[in-house]
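Notes to accompany the following structure.
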Amino acid sequence: MMSIPIFPMANPKGRRKVCELCQKPAYLQCTKCRVTFYCNVAHQQADWNSIHEKVCELLMSIRNSAPFTCFPTDGYVHPLQNQKRLEHLMELSRAAAKSWVTEGKYSEAVPAAQLCLRCAIEIYGPGDVELVPVYLLLAEASIGLGSLSEAENYLSQAQWMVLKNPGCSWSVLHLLHRTLGCLYSATGDYSSALLHFANDVYYASEEFGLDSVVTARGYFLMANVFMKQEKPDIVNSLYSEVASTWHAHLSKLMEFNSQKEHEEAQYFDLAQCAEVNRMLSVMLEAQQQDVNTDPADSTTLSYSIGQRVLLFHSLAMLWFLCNDHKKALDFGRKAAEFSQQCQHSSLTESIQSLVQQTETHLKQPSFTTN
């Protein structure tokens with residue numbers, strides 16, 4: 001890990017410097033950009049690890065930009081140019097925050113999301129609906145950290161903006177209800193959580209379609225609540241829907257990938273791959289628990305084996321598309337093993353094809369595993 005530049009300083013020439021993370025009086029300065037300040041080393045290190053290393057030079061060009069005059073000078077920056085830089089900074093920080101949240105690294109997500117929020121406020125103003133996704137990112141990170149009161153504050157801001165803008169998109173509404181559902185699930189209010197997840201599924205299906213993996217995520221979150229309520233039949237039904245949706249989606253990506261011109265396409269980044277892997281693994285573990293609960297029930301056993309074939313095959317395809325062919329082969333072989341226990345399995349041929357394809361990749365001299 002690269003160390004961050006630290007420079008102790010007093011507030012120069014009476015100008016009040018505030019911490020990038022907490023807005024308290026700052027006594028440290030980044031010696032690279034010299035426009036970012038911190039109250040202590042811990043906050044500087046946290047910001048550097050989260051986002052500052054990626055945007056240090058960009059912040060310097062934005063925060064040092066000269067004001068508009070009708071007589072351009074060497075230091076002059078046109079307002080439109082500065083606006084584009086701000087928009088670029090907002091997108092960089094948003095992408096970083098989303099990636100950290102997806103990886104479950106919520107502490108790292110907060111500084112990036114805070115920077116994104118400041119950019120969005122400067123671009124759109126403090127009450128614009130464009131700020132809602134950023135408040136939801138901050139709320140999601142706060143829920144992950146267990147800071148539920150902070151999450152409630154961020155969600156209140158988001159709800160207020162949505163109420164002020166009744167024509168906001170289904171995409172925004174689905175994200176709002178999904179995050180509210182996560183908050184209520186964390187507080188143990190399962191009835192409210194299910195209501196919001198149901199709204200999430202509705203708006204996501206309107207925006208992306210019923211068979212979308214975005215909509216499937218809402219079903220997965222609902223299933224997790226029903227699991228807490230000890231309602232296994234509903235859980236299995238929802239997990240089955242999610243597993244089928246992801247299997248169909250990954251199968252389409254594999255078909256697309258088989259075309260020579262798309263062999264090098266990137267379908268998932270590391271954070272997305274980890275998130276999908278967690279979801280499929282949770283469902284796989286639930287299937288195993290069902291068999292352990294009642295191993296003598298032939299109907300449950302047959303259903304569970306079929307679901308495991310689907311999930312192992314999905315995991316094999318996922319890791320193949322993420323270029324981890326060793327994991328893809330391990331899951332592919334498990335899928336093949338369980339498919340032999342299913343009479344007339346429709347997946348046997350595609351599983352065998354995937355296993356052979358993966359073995360070919362592993363035998364190539366230039367191939368290296370992650």
Side-chain angles (χ1 to χ4, degrees), residues 1-69 72-124 126 130-131 133-135 137-138 140-142 144-145 150 266 269-271:
M1 182 183 297
M2 184 176 178
S3 61
I4 60 175
I6 295 174
F7 181 73
M9 57 166 282
N11 294 337
K13 297 181 182 179
R15 185 181 174 187
R16 184 171 180 266
K17 303 298 183 184
V18 295
C19 179
E20 186 80 359
L21 298 195
C22 68
Q23 306 303 299
K24 291 180 180 179
Y27 307 99
L28 302 175
Q29 178 186 43
C30 174
T31 56
K32 285 194 171 182
C33 66
R34 293 188 176 274
V35 293
T36 312
F37 307 92
Y38 304 94
C39 65
N40 58 45
V41 174
H43 280 191
Q44 189 171 19
Q45 187 74 55
D47 190 38
W48 181 265
N49 293 341
S50 172
I51 186 64
H52 190 74
E53 181 182 12
K54 300 175 184 176
V55 300
C56 187
E57 291 185 13
L58 184 56
L59 281 170
M60 180 168 51
S61 65
I62 292 172
R63 293 176 177 173
N64 275 336
S65 61
F68 174 80
T69 70
T73 64
D74 290 341
Y76 164 71
V77 177
H78 193 281
L80 287 178
Q81 185 179 355
N82 208 46
Q83 177 87 354
K84 288 182 179 179
R85 288 175 179 173
L86 266 174
E87 290 171 355
H88 181 50
L89 178 60
M90 181 181 70
E91 290 308 315
L92 282 175
S93 52
R94 188 204 303 269
K98 280 185 177 179
S99 180
W100 288 126
V101 166
T102 301
E103 291 181 53
K105 297 181 178 179
Y106 303 110
S107 295
E108 288 87 342
V110 172
Q114 287 176 339
L115 177 59
C116 182
L117 180 61
R118 287 195 293 276
C119 293
I121 290 172
E122 191 163 347
I123 294 168
Y124 302 110
E130 294 287 345
L131 274 61
V134 192
Y135 278 115
L137 261 177
L138 283 162
E140 191 173 353
S142 297
L145 291 169
E150 277 191 31
Q266 182 177 356
D269 61 28
L270 289 175

Find out whether [X] and [Y] are in side-chain contact, i.e. whether some heavy atom of one side chain is under 4.5 Å from a heavy atom of the other.
| X | Y | value |
| --- | --- | --- |
| K98 | V101 | no |
| R94 | C119 | no |
| L92 | H88 | yes |
| Q114 | I51 | no |
| T102 | D269 | no |
| L28 | F37 | no |
| H52 | L59 | yes |
| L86 | M90 | no |

Where is the tightest heavy-atom contact between [X] and [Y], given as atom of each residue plus distance?
| X | Y | value |
| --- | --- | --- |
| A97 | A113 | CB-N, 3.7 Å |
| A112 | S93 | O-CB, 3.4 Å |
| C56 | C30 | SG-SG, 3.7 Å |
| P126 | L131 | O-CD2, 3.6 Å |
| Q29 | R34 | NE2-O, 3.1 Å |
| I62 | L89 | CD1-CD2, 3.7 Å |

Rounded to the nearest 0.5 Å, how far does [atom2] of [Y] lie from [atom1] of [X]?
| X | Y | atom1 | atom2 | result |
| --- | --- | --- | --- | --- |
| C19 | D47 | SG | CG | 8.0 Å |
| Y124 | E87 | OH | CD | 6.0 Å |
| C33 | R63 | SG | CZ | 7.0 Å |
| L117 | Y135 | CG | OH | 4.5 Å |
| H43 | E20 | NE2 | CD | 11.5 Å |

- Query: With distance as the sole criterion, is a donor-acceptor pair present between the side chains of N49 and Q45 under 3.5 Å?
  - Reply: yes
- Member of S50, S107, P111 meeting the side-chain contact (heavy atoms from CB on, under 4.5 Å) criterion with W100: S50
- Item | E122 atom CD, over 12 foreign heavy atoms within 6.0 Å | no
- Query: With a cut-off of 6.0 Å (strictly less than), are more than 12 heavy atoms of other residues, nucleotides or ligands near CD of E57?
  - Reply: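 For E57, atom CD is not crowded (no more than 12 foreign heavy atoms under 6.0 Å).
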- Using modelled atom types only, decide if a donor and an acceptor are shared between the side chain of S99 and the backbone of A95 within a distance under 3.5 Å.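 Side chain of S99 to backbone of A95: no pair is present.
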